[in-house]
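Labels below follow one simple rule: chain letters A, B, ... track the order of the sequence lines, proteins then strands, and each chain is numbered from 1.
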There are 2 protein chains.
Amino acid sequence: MRALEINNWQDVQSEVLNRINSRIWKPGDLIPNEADLAIEFGCARATVNRALRSVAQAGFLDRRRKAGTRVATNPVRKAILSIPIIRQEIEDKNQTYSYALISRNLREPSISLRAQMKLNANSKCLHVVALYLADGRPYVCEDRWVNTVAVPELLKVDLSAENANEWLVQNAPFTRGDFTFSARSADAEVAGRLDAKICDALFEIQRTTWNEVTAITTVTLTYHPGYRMQTRI
Amino acid sequence: MRALEINNWQDVQSEVLNRINSRIWKPGDLIPNEADLAIEFGCARATVNRALRSVAQAGFLDRRRKAGTRVATNPVRKAILSIPIIRQEIEDKNQTYSYALISRNLREPSISLRAQMKLNANSKCLHVVALYLADGRPYVCEDRWVNTVAVPELLKVDLSAENANEWLVQNAPFTRGDFTFSARSADAEVAGRLDAKICDALFEIQRTTWNEVTAITTVTLTYHPGYRMQTRI
DNA sequence: CAGTGGTCTAGACCACAAG
DNA sequence: TTGTGGTCTAGACCACTGG
């Protein structure tokens with residue numbers, strides 16, 4: 001049996017996780033305070049603090065001033081999803097990326113979209129539909145509405161050459177985003193675009209991005225049949 | 001114009017985000033090192049470090065020893081998904097939670113499942129199918145395989161009274177999980193369970209959880225038609 | 001009120017990796 | 001080789017909140 005040796009905050013973290021894991025500290029238990037743990041582990045309180053903050057952020061501990069630190073009873077699992085640029089996602093699979101603009105119009109958004117993006121009445125949006133292909137096969141269809149008040153420069157961009165997403169990433173920073181993941185059935189239109197059968201189940205992501213209080217863009221990505229989004233915690 | 005006042009790491013963080021946002025520091029730019037920023041902001045380097053680490057974790061900065069800190073060119077957006085306990089998810093919507101066990105068998109898993117869970121040949125799994133209801137309407141169908149070698153105690157549990165997920169959360173800690181999100185069409189069996197029409201598109205989450213190197217359980221959650229998973233960054 | 005976590009500071013040493 | 005971020009430490013004060 002080897003003695004426990006603590007040299008850094010990662011060591012503290014794994015010791016804490018071990019105690020939770022092996023049920024030395026059970027769900028709901030109050031664990032010793034930072035000062036006591038620092039003495040036990042032979043390190044500074046700041047080091048214990050760093051470790052406990054990290055474990056708490058992962059959802060395994062609940063911390064409150066004065067009340068102390070408890071092992072979480074409902075370990076809410078948090079999965080971190082990386083939302084990559086589509087070009088990268090395709091190239092990471094060693095497939096050839098290509099892009100085709102389907103349509104580009106200036107028009108009024110629907111009422112529900114106007115509500116979601118909190119736009120004024122009469123405001124026009126740039127509506128862009130495009131297709132991303134991997135090795136020449138349809139990968140994902142993008143249906144995008146851009147608030148032209150927030151990003152007027154986009155109107156001058158040639159979207160058949162450069163795709164709207166990459167232009168926006170470079171030129172229109174955002175501070176906040178709402179994401180919705182869902183499943184939908186292919187209708188005739190989207191089935192045609194994605195080379196799917198009518199009634200195929202398609203994975204869909206809708207995302208609205210904001211710069212403080214102004215909506216920049218709402219985009220719906222409809223993936224080819226069989227697409228899977230994966231992550232790990 | 002008010003003077004910039006920095007009192008804590010959150011202030012440093014928002015000033016940094018402002019500079020990225022307002023393109024004072026552009027994508028790809030090298031920003032000053034921690035020591036210089038500490039002088040500029042009139043605070044300790046540790047405070048700057050805390051702020052920059054936080055911004056980097058959010059994906060807006062790339063940091064490398066010796067190479068310094070750069071504004072990310074590909075701001076990979078990271079969405080944090082909370083995976084709640086189903087009971088909570090339903091109760092949070094002020095709906096009535098209920099649960100029904102559909103089947104419970106000890107049997108051999110399919111070859112693909114055996115591969116995914118890295119099980120030996122001949123190993124038997126507990127296969128549990130159950131339905132969760134919100135206000136009496138089908139909410140999500142759970143199809144679960146449990147590695148009985150890892151969690152033999154579950155065999156003694158009455159799963160018609162207590163659902164497997166909550167028992168496992170309390171009694172079988174895990175250290176790692178793989179998640180897959182996808183869309184599928186309803187076949188006759190699942191349509192019947194979820195009160196859906198055949199061919200409806202259904203949102204599906206598959207999750208395999210591990211304790212170090214041992215697979216605990218693989219569960220597929222198939223949600224009712226129209227289900228949406230939402231998050232925000 | 002008083003105990004807890006949250007944070008700041010100044011200084012120090014270390015690990016990494018670019019040149 | 002050397003500049004950069006990564007981290008530790010000891011001590012201090014503060015903010016919150018439970019009792």
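Taking only distance into account, the side chain of A:Arg65 meets the base of D:dA15 through a donor-acceptor pair shorter than 3.5 Å.
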Practice task
Given side-chain contact (heavy atoms from CB on, under 4.5 Å), test A:Val140 with A:Ile86 step by step and report yes or no.
Solution key: CA-CA 9 Å; A:Val140 60; A:Ile86 294 167; 3.8 Å; yes
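Each of A:Arg64 and B:Asn49 was matched to the nucleotide of DNA chain D holding its nearest heavy atom; the match closer to the 5' end belongs to B:Asn49.
Nucleic acid contact class of A:Ala67 (heavy atoms, under 4.0 Å, all strands): sugar-phosphate only. At a threshold of 4.0 angstrom between heavy atoms, the contacts of B:Arg45 include nucleobase atoms, whether or not backbone atoms are also involved.
Here C:dG5 presents its C1' atom at 12 Å from CG of A:Leu37, a figure rounded to the nearest Å. Put simply, CD1 on B:Ile39 is 12 Å from P on C:dG11, counting in whole angstrom units. One interatomic measurement links the two molecules: CZ of B:Arg53 to P of D:dG6, which rounds to 8 Å at whole-angstrom precision. Atom CZ of A:Phe41 and atom P of D:dT9 are 13 Å apart (whole Å). What separates CG of A:Leu30 from P of D:dG18 is a distance of 13 Å, to the nearest Å. Nucleotide D:dT4 holds its P atom 12 Å from the CD1 atom of B:Ile31, rounded to whole Å. In this structure, the CD atom of B:Gln10 is 12 Å from the C1' atom of D:dA15, given to the nearest Å. Between the CG atom of B:Asp36 and the C1' atom of D:dT4 there is a distance of 11 Å, rounded to whole Å.
Residue A:Thr47 places at least one side-chain N or O closer than 4.0 Å to OP1 or OP2 of D:dT9. Remark: B:Arg50 is not in phosphate contact with C:dC8, judged by side-chain N or O atoms under 4.0 Å from OP1 or OP2. Between B:Asn33 and D:dT4 there is a side-chain N or O to OP1 or OP2 distance below 4.0 Å. Between B:Arg63 and D:dT4, a side-chain N or O to OP1/OP2 separation shorter than 4.0 Å is absent. Considering only side-chain N and O atoms, A:Thr69 lies nowhere under 4.0 angstrom from the phosphate OP1 or OP2 of C:dT4.
Taking the six-membered ring where tryptophan is involved, the planes of B:Tyr132 and B:Tyr97 are tilted, since the angle between them lies from 30° to 60°. Taking the six-membered ring where tryptophan is involved, the planes of A:Tyr227 and A:His224 are perpendicular, since the angle between them exceeds 60° and thus also 30°.
Looking at the side chain of A:Lys66, the nearest of the listed nucleotides D:dT2, D:dG5, D:dT17 is D:dT17.
Residues A:Val12 and A:Glu15 have side chains not in contact (no heavy-atom distance under 4.5 Å, counting atoms from C-beta outward). No side-chain heavy atom of B:Arg207 sits less than 4.5 Å from a side-chain heavy atom of B:Asp178.
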